J.: 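My structure is below; once you've seen it, I'll send some questions.
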Amino acid sequence: MARDSVITACVALLTMIAVLTVMRLAEGLFAPMVAAIVLGIVCAPATDVIERAGIPRIAAALLVLFMFLTTFTALFFAVEPTISDAIRQAPLIWREMTEILETLKSALSGVREIQETVTGALAEDQGTPQTPAGDAPMAFPGVLDALALAPSLAAAIMIFVGTFYFFLVARSDVYDRADRANIRLSRAILCKAGARVSRYFITITVINAIFGALVGVAMTALGVANPMLWGLAAFLVNFVLYLGPVAFALALLVAGIVQFDGAMSFAPAALYITMNMTEGQFVTPSLVGRHMRVNPLLVFVSLVFWLWLWGPIGGVVAIPILVWCLYVASELSTADAPSSVLLRKDGHAPQAAE
């Protein structure tokens, strides 16, 4: 019996490793599909409202897809001038960063000389000629690089749009099949889990949008270049909890050092950290609600895992997937509990969690 358990555990471990390997290697296929399904779950309530108004399901899904693409396209054209201006200024920022690095190198010249002496001695022993290290210019992607990425980007967009649309169309049928099948997942559990993910994601999106606008206003008040671009970046990175704000604060620190002198160099990062802590400690918990809070350790582990698996796309879908899985697991564990546990002291069954 123990041997069978060990064999089962080994097979399960090997299966998990194989699945993760396939998901990692086929990122271009699975990442847009999973992202589309997550977004479809978020947009499902809007599709239901349109369908209840008498519009057919296919037309309702097409309308939701059109609204999403229109919003995304409008947002892109709104921020494109700012992004283009930031790209044009990138060489100047790079030169200023190089000057800062050269200053740090001169301050550590003693350590550098020791390193070069040791490296030269090791090279003489191995008979390897030494070539002086020059300052390599910063390389920016060109037109050929963009053309090389265009087919894969177009394929990812097609996969995303197709999966998003057909999920909205077939979602109800999938839930009905799960309800009729002899499995533990029911239509009620799937619908409630989807509603929870949708409510969580929409609430977080509204909070992040307001927070990003406030960051843009704060950067404008400080005189930071391209403040609206910083506000948009703050909106996006706030979806990647913990890790996103840390990376954004470091970027603001670098921008402050490049643009300002003295103590003012630290003002953008310090102001952002203060705003982020206020939002994370007071605003989000009060608006999200206690019943939708997630264990911080699970959030961190989920973020690290999905970021490792699929990069930025994994960071965005990590929390919705975690919320969905936790709710489904809680419902299944409640369903498996003995009837004596499910009954209250008055002998009545408790109401199902919303």
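Keep in mind the model is a prediction, meaning the values are calculated, not measured.
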J.: Do Leu168 and Leu65 come close enough that some side-chain heavy atom pair is under 4.5 Å?
T.: no
J.: Quick one: pull up CD1 in Ile210 and CZ in Phe235 and give me the separation to the nearest 0.5 Å.
T.: 11.0 Å
J.: What's the shortest heavy-atom distance between Gly216 and Thr220, and which atoms?
T.: O-OG1, 2.8 Å
J.: Measure up the Phe72 and Phe68 rings against each other and bin them: parallel (under 30°), tilted (30 to 60°), perpendicular (over 60°).
T.: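 Parallel.
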J.: When rounded to the nearest 0.5 angstrom, what is the spacing between CG in Leu298 and CG in Leu322?
T.: 6.0 Å
J.: Would a single hydrophobic cluster contain both Leu69 and Ile313, if residues Ile, Leu, Val, Met, Phe, Trp and Tyr are joined by side-chain heavy-atom contacts under 4.5 Å?
T.: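 As far as the 4.5 Å side-chain criterion goes, Leu69 and Ile313 are not connected within one cluster.
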J.: Is there a side-chain contact between Val49 and Pro45 in this structure, where contact means two heavy atoms from C-beta onward sitting under 4.5 Å apart?
T.: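 No. Closest side-chain heavy atoms not under 4.5 Å.
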J.: Quick one: pull up OG in Ser330 and CZ in Arg196 and give me the separation to the nearest 0.5 Å.
T.: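 So the gap between those two atoms works out to 7.0 Å.
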J.: I need the full list of salt bridge (Lys or Arg N to Asp or Glu O under 4.0 Å) pairs touching residues 53-65, with sequence neighbours left out, sorted by first then second residue.
T.: Glu51-Arg57, Arg57-Asp173
J.: Keeping the roles fixed (side chain from Ser302, backbone from Val299), state whether a donor-acceptor pair exists under 3.5 Å.
T.: no
J.: What residues join Phe77 in its hydrophobic cluster, counting side-chain heavy atom gaps under 4.5 Å, either direct or through other members?
T.: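 The other cluster members (ILVMFWY side chains, heavy atoms under 4.5 Å, direct or chained) are Phe76.
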J.: Would you check if Asn226 and Met219 make a side-chain contact, meaning some heavy-atom pair closer than 4.5 Å?
T.: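 Side-chain contact under 4.5 Å: no.
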J.: When you group the ILVMFWY residues by side-chain heavy-atom contacts below 4.5 Å and let the links chain together, are Leu303 and Leu250 in the same group?
T.: no
J.: Please walk me through it: do Met158 and Leu153 pass side chain to side chain contact (heavy atoms under 4.5 Å, CB included)?
T.: CA-CA 9 Å; Met158 291 179 60; Leu153 179 61; over 6 Å; no
J.: If I compare all heavy atoms of Val237 with all of Tyr272, which pair ends up nearest, and what's the gap?
T.: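 Shortest heavy-atom separation between Val237 and Tyr272 comes out as CG2-OH, 4.4 Å.
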J.: What distance separates Ile257 CD1 from Leu252 CG, expressed to the nearest 0.5 Å?
T.: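 Taking CD1 in Ile257 and CG in Leu252, the distance rounds to 11.0 Å.
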J.: Under the 4.5 Å side-chain heavy-atom rule for ILVMFWY, direct or indirect, which residues accompany Val316?
T.: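 Traced through the cluster, Val316 reaches no other member.
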J.: Considering non-hydrogen atoms only, spot the tightest contact between Pro268 and Val224 and give its length.
T.: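 Heavy atoms of Pro268 and Val224 come nearest at CG-CG2, 3.9 Å.
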J.: Do Trp306 and Ile204 share a hydrophobic cluster (ILVMFWY, side-chain heavy atoms under 4.5 Å, transitive)?
T.: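 Different clusters.
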J.: Any side-chain heavy-atom pair from Arg24 and Trp308 closer than 4.5 angstrom?
T.: yes
J.: Is any side-chain heavy atom of Arg187 closer than 4.5 Å to a side-chain heavy atom of Ser172?
T.: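 Yes, their side chains come closer than 4.5 Å.
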J.: Answer whether the closest heavy-atom distance between the side chains of Ile37 and Phe164 falls below 4.5 Å.
T.: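 No. Closest side-chain heavy atoms not under 4.5 Å.
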J.: Looking at Glu27 and Leu309, what are the two nearest heavy atoms and their distance?
T.: OE1-O, 4.1 Å
J.: For the side chain of Thr203 and the backbone of Arg199, is there at least one donor-acceptor N/O pair under 3.5 Å apart?
T.: yes
J.: Looking at side-chain heavy atoms only, is the closest gap between Ile321 and Val34 below 4.5 Å?
T.: yes
J.: Kindly indicate, with the supporting measurements, whether the criterion side chain to side chain contact (heavy atoms under 4.5 Å, CB included) is fulfilled by Ile41 and Phe167.
T.: CA-CA 9 Å; Ile41 292 175; Phe167 175 81; 3.6 Å; yes
J.: Under 3.5 Å, side chain of Thr73 to main-chain N/O of Thr70, donor-acceptor pair present?
T.: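 Such a contact is absent between Thr73 side chain and Thr70 backbone.
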J.: In this structure, are over 12 heavy atoms from other groups packed under 6.0 Å from Ile202 atom CD1?
T.: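 Atom CD1 in Ile202 is packed in, count exceeds 12.
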J.: Count I, L, V, M, F, W, Y as connected when their side-chain heavy atoms are under 4.5 Å apart, and connections chain through other members. Are Ile58 and Val161 then in the same cluster?
T.: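 Same cluster.
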J.: Atom CE of Met33 and atom CG of Leu29: how far apart are they, to the nearest 0.5 Å?
T.: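 If I round to the nearest 0.5 Å, the distance is 5.5 Å.
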J.: Members other than Val11 in its cluster, when Ile, Leu, Val, Met, Phe, Trp, Tyr link by side-chain heavy atoms under 4.5 Å?
T.: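 Its cluster mates, by chain and number, are Ile7.
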J.: Show which residues join Ile17 in its hydrophobic cluster (side-chain heavy-atom contacts under 4.5 Å, direct or indirect), or state none.
T.: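 Reading the cluster by chain and number, Ile17 sits alongside Leu13.
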J.: Just how far is it from atom CG of Leu62 to atom OG1 of Thr47, taken to the nearest 0.5 Å?
T.: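 If we round to the nearest 0.5 Å, Leu62:CG and Thr47:OG1 are 11.0 Å apart.
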J.: Any side-chain heavy atom of Phe260 within less than 4.5 Å of one from Phe266?
T.: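 Counting from C-beta outward, Phe260 and Phe266 never come under 4.5 Å.
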J.: Keeping to residues at least two apart or across chains, list the salt bridge (Lys or Arg N to Asp or Glu O under 4.0 Å) pairs with something in residues 41-50.
T.: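 Those involving residues 41-50 are Asp48-Arg171.
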J.: Could you tell me whether the side chain of Gln259 and the main chain of Gly223 form a donor-acceptor pair under 3.5 Å?
T.: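 Present.
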J.: Of the non-hydrogen atoms in Met23 and Phe30, which two are nearest, and what is the gap between them?
T.: CA-CD1, 4.1 Å
J.: Determine the interplanar angle of the Trp230 and Phe248 rings, folded into 0 to 90°, and report it as parallel if under 30°, tilted if 30 to 60°, perpendicular if over 60°.
T.: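 Judged by the thresholds at 30° and 60°, the geometry between Trp230 and Phe248 is perpendicular.
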